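Written out below as structure tokens is the structure these notes cover.
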Amino acid sequence: MAGPDRRIDAIVLGEFGRGFAGRQIWQLAKVLKKRGAQLWLPETDGPVEVDDPEHRNLMRMLAAQSEREALRSRNRSLEAMRAQTCEQGRCWAMMPDEVSPQP
């Protein structure tokens, strides 16, 4: 993106929750602005304006939703792993043969 012959003038993000978490969006927006490129989101109906208070509030809300979804996903994965351990005798750190050696 730094070169004068770059072909990217915007990035369009279709789903915020799968693209960013926490403060990552602010870091990317600053880099894109510095490089003369834009970030577009469906929620803003066009380019994100980091200086616009409405856009900043929207970005905060989207970041919070994204973090919540990441936590939900992590918890679902951990619960599935626990269920496999309890119900199927699987072990998280070792192969089943290492857990109960065959005589």
Side-chain angles (χ1 to χ4, degrees):
M1 281 188 60
D5 58 341
R6 75 165 194 265
R7 297 176 187 225
I8 298 173
D9 60 356
I11 293 176
V12 179
L13 182 64
E15 189 174 342
F16 188 95
R18 297 186 187 272
F20 300 101
R23 301 192 53 80
Q24 292 174 337
I25 188 69
W26 302 110
Q27 295 165 344
L28 178 64
K30 287 178 185 177
V31 169
L32 291 175
K33 187 175 182 178
K34 183 178 177 181
R35 304 281 188 206
Q38 297 177 328
L39 176 64
W40 285 51
L41 295 174
E43 293 86 354
T44 59
D45 290 325
V48 173
E49 301 294 337
V50 293
D51 299 326
D52 182 346
E54 282 187 38
H55 284 203
R56 292 180 71 79
N57 287 334
L58 175 65
M59 302 300 271
R60 284 186 191 103
M61 189 227 15
L62 292 172
Q65 287 179 344
S66 178
E67 285 184 23
R68 257 194 318 272
E69 181 56 35
L71 286 173
R72 268 191 231 120
S73 178
R74 185 177 304 131
N75 287 334
R76 282 192 302 265
S77 297
L78 288 173
E79 286 304 314
M81 291 168 65
R82 282 188 190 102
Q84 286 181 331
T85 301
C86 295
E87 297 171 17
Q88 299 173 359
R90 295 191 180 187
C91 183
W92 291 15
M94 297 178 260
M95 297 299 293
D97 290 342
E98 296 172 327
V99 175
S100 54
Q102 301 298 320

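None of these values were measured; they are calculated from a predicted model.
Residue Leu13 comes nearest to Pro42 through the heavy atom pair O-CD, 3.0 Å, listed as atom of the first residue, atom of the second, then distance. The two atoms that bring Pro47 and His55 nearest to each other are O-CE1, 3.4 Å, heavy atoms only. Listed here is the closest heavy atom pair of Ala37 and Ile8: CB-O, 4.4 Å.
Taken to the nearest 0.5 Å, the CG atom of Leu78 stands 8.0 Å off from the CZ atom of Arg74. For the atom pair Thr44 OG1 and Gln38 CD, the distance stands at 10.0 Å (nearest 0.5 Å).
With Ser73 contributing its side chain and Glu69 its backbone, the two residues share no donor-acceptor pair below 3.5 Å. Listed for the Ser66 side chain is no donor-acceptor partner under 3.5 Å among the backbone atoms of Leu62.
Residues Leu41 and Met59 are in side-chain contact: their nearest non-hydrogen atoms beyond the backbone lie under 4.5 Å apart. At a threshold of 4.5 Å between non-hydrogen side-chain atoms, the residues Leu39 and Ile25 count as touching.
At a threshold of 4.0 Å, the pair Arg76-Glu79 does not count as salt-bridged, since none of the basic side-chain nitrogens sits closer than that to a carboxylate oxygen.
A continuous path of Ile, Leu, Val, Met, Phe, Trp and Tyr side chains, each step under 4.5 Å between heavy atoms, connects Leu28 with Met61, placing both in one hydrophobic cluster. Hydrophobic cluster membership differs between Leu58 and Trp40, with clusters built from Ile, Leu, Val, Met, Phe, Trp and Tyr side chains linked at under 4.5 angstrom.
For the 3.5 Å distance criterion, the side chains of Arg60 and Asn57 qualify, holding a donor opposite an acceptor.
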